[in-house]
Each structure stands twice: as C-alpha cells, then as structure tokens.
Amino acid sequence: MSTAAARACANIALVKYWGKRDPDLNLPAAGSLSLTLAALTTSARVTFDDALDRDELVLGGAPADEPARARLSRWLDIVRDRAAERRFARVDSRNDFPTASGLASSASAFAALALAATRAAGLVLEPGELSVIARRGSGSAARSIFGGFAEMDPGTRADGADARAWVLDHATDWPLCMVIAVVGGGVAKSIGSRDAMDHCAATSPLYRGWIESVPHDLAAARRAIEGRDLAALGVVTEASALAMHAAAIASRPAVLYWQPPTLACLTAVRRLRDAGTEAYATMDAGPHVKVLAHAADADRIAAELAAVAGVSDVLVSGIGGGAELLA
Ligand code: DP6
C-alpha cells in the first residue's frame, strides 16, 4: 500500500476559461487568469492498494456516484501510466464548501488529487507538470496548483504538454478578498461546465467572438495586476464574466445559470460602487455571485449581499496559496 494526502484551494477565474481546443486531452481554446481562494479548500487522500479490484471514490464521507467514480478512474489511468503504477486506488476527497454548486469544487479537487496521486505513486513532479496532470481532470484545476494570481497558458502543442498554468503574481502585498453570495442554497447546478462549454462552442453564434476577446482581456488583467489597480482589474473581471455568460446564454438551447437573486446581487454590487466601494462581480457555471474587492471592504460588501433576497449564505475569502502535501 502507498498513500499520500494533499490540500488545494479553489480558484475563481477573473478572465474565464470557457471552451476547448481538444476535448480528449482537455486542452483549453484560450488562456485564463484566476485568483486562488484560501477559504475554499479540498483535502484528498489517495491510496494505491493491491487488495482493490477497481478504483474507489468517497466524496465528503459518502461513496460517489458511478459517473464521478468513472471520471476519476479514467484520470487515475493518466497517473498510473506516468508512474508505471498497476494498482487501483482508494480516494477520499472532502470539500469545506458546497459541492457542485458552481463554487469550483472540481478545481480544488483535481489540484489536490494531482499532488496526492502522483506522490502516492512515487512521483515527485514540479508544479508545472502537476498543473498539466490536474488539467486533464478539470481545466480550472490546472490553476489551483498555484497560489495568488495564476494564469493558464492554452499552449500550442497537440499533446498539451505546454497547456499549463503558472504563478503570475503571489500578490502577498495586495490585501484583496472575494466575497461570495451563495444563491439557491448551494443546490447542484443543472448543466455542468464541461457539457455547457461544449454545447456553447457547438451552437452559440457568440462563441467565436468570446474566444477572440480573451487575449485582450488577459493583457488588460496582467497590466492591472502589475499596477495593483483594482478598478482596472475589476472592469475586466466583470467584462469577461458577462461575455462568457452572453456566449452561454446565446447557445441553442440556452445555457442560463442566473437566477433572480443573481441579478439582484449584480445590482447590489453596482450600488456599492456608486457609493464609492470598489467591488466587482463575477459568476461561473452556477447562480452565485463572487465579488472581488479590497479586504478592508469585505464586511460592508458581505452585509449588503446578505440582505439580498434569495442569498442563502455569504462567504469571505482572502488570497490562497498553492497545493500542498498533508501529513
Ligand atoms: C466557468 O474547469 O470545470 O468555472 O475542464 O471541462 O472540467 P473542465 O471545465 P471546468 O470549467 C470551469 C469553467 C468556469 C470558468 C473558469 O474557471 O475559468
């Protein structure tokens, strides 16, 4: 038996990943840029064991459903191939936030799993290689290997070896926060990001325009981060999220993640801004609204969002670090 455990933080994309250039190798069609969040973590233990006759997955203390177990098993094959490991694995993964709610649980999960599974299989890989392995599980997971601001490079190689994330900026000197308004009680989303982005690429007349907008947004976000300019970063963060959702909404049939409280939160964020608080919203494949702001404004923003009808919970997070091994 050989075992290892690791923890990784979720990340929220400020410039979104939404579309693939190769679904089999899970290669993104464009770059993306994210902020890693300290308060949303997944811890995972992977144990390769001769006694197992198939991979096992326990999620949050309960056996996972078959699609999740099979997806993990296919991903473990990548680690097994790389390490010449023949044994099946027992995997125990737990989040400290609602799973499948659009709070990016696959990002922290596959980042933690990439570190734990490779170590359990006897491999010691540098973070860039871990990012490539995490990406095969979930594109956004490639970014959760790193702390601070992480940027995903879509790469150009057919084998995807250069499609990996890296640390753009640890930002330890920049006290930012993300305030998350949980909408709809953390219920499972209707269509997962993977199927939704494929459907969007296949049917949305806005998809091409969305992909073409990404390099420009990435450049603007990099400049804003370098200049520690929250207002500039916030403008591109909102623009990227709205463009991604516009492309998704224009899919046929539509992919619409927003619920009425989502729009009410967006209005609250505008109201805060009009009153002088720098606050900028982003949304992923779910109804929740995540607000980028100065850490000093977290309480005021959290109170404003908590007062929105339909918001069931508000979480506040600072900037998180990279994936790490656990004892
Ligand atoms: C809206 O990483 O979940 O959160 O690579 O198919 O697993 P797969 O997709 P996933 O997509 C994340 C989409 C997003 C935006 C983002 O995190 O960049």
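Indexing begins at 1, ligand by ligand and atom by atom, following the structure's order. It should be emphasised that the depicted structure is a prediction, and the values quoted were computed from it without experimental measurement. We use all heavy atoms of the structure for the numbers below, so side chains are in, but hydrogens, waters and symmetry mates are not. Each residue takes its place number in the sequence, starting with 1.
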Hey, what's the ring geometry for Trp18 with Tyr257, parallel, tilted or perpendicular (30° and 60° as the breaks)?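 Judged by the thresholds at 30° and 60°, the geometry between Trp18 and Tyr257 is perpendicular.
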
Assign the ring pair Trp174 / Phe149 to parallel, tilted or perpendicular, where the plane angle (0 to 90°) is split at 30° and 60°.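 Taking Phe149 first and then Trp174, their aromatic rings sit tilted (interplane angle of 30° to 60°).
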
Please identify which atoms of ligand 1 are closer than 4.0 Å to at least one heavy atom of [X].
X      : answer
Gly139 : 2 (O), 5 (O), 7 (O), 8 (P)
Ala13  : 16 (C), 17 (O), 18 (O)
Ser193 : 3 (O), 9 (O), 10 (P), 11 (O)
Arg71  : 7 (O)
Arg143 : 16 (C), 17 (O), 18 (O)
Met197 : 9 (O), 11 (O)

Ligand 1 N/O within reach of [X] N/O, cut-off under 3.5 Å:
X      : value
Ala141 : no
Tyr17  : yes
Lys20  : yes
Trp18  : no
Asn26  : yes

**Asked** Is ligand 1 under 4.0 Å from a heavy atom in the side chain of Met152, in the backbone, in both, or in neither?
**Response**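 Contact part for Met152 vs ligand 1: neither.
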
Exercise. When you look for heavy atoms under 4.0 Å from ligand 1, do you find them on the side chain of Ser106, its backbone, both, or neither?
Worked result: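 For Ser106, only side-chain atoms sit under 4.0 Å from ligand 1.
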
Side-chain donor or acceptor of Ser131 paired with backbone N/O of Ala142 under 3.5 Å: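 Confirmed, Ser131 side chain pairs with Ala142 backbone.
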
**Asked** Can you check whether Met178 reaches Val291 side chain to side chain, under 4.5 Å on heavy atoms?
**Response**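 Result no, sub-4.5 Å side-chain heavy-atom pair not found.
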
- Given Asp92 and Arg94, is the salt bridge (Lys or Arg N to Asp or Glu O under 4.0 Å) satisfied, shown in steps? CA-CA 7 Å; Asp92 191 328; Arg94 51 190 74 233; 3.5 Å; yes

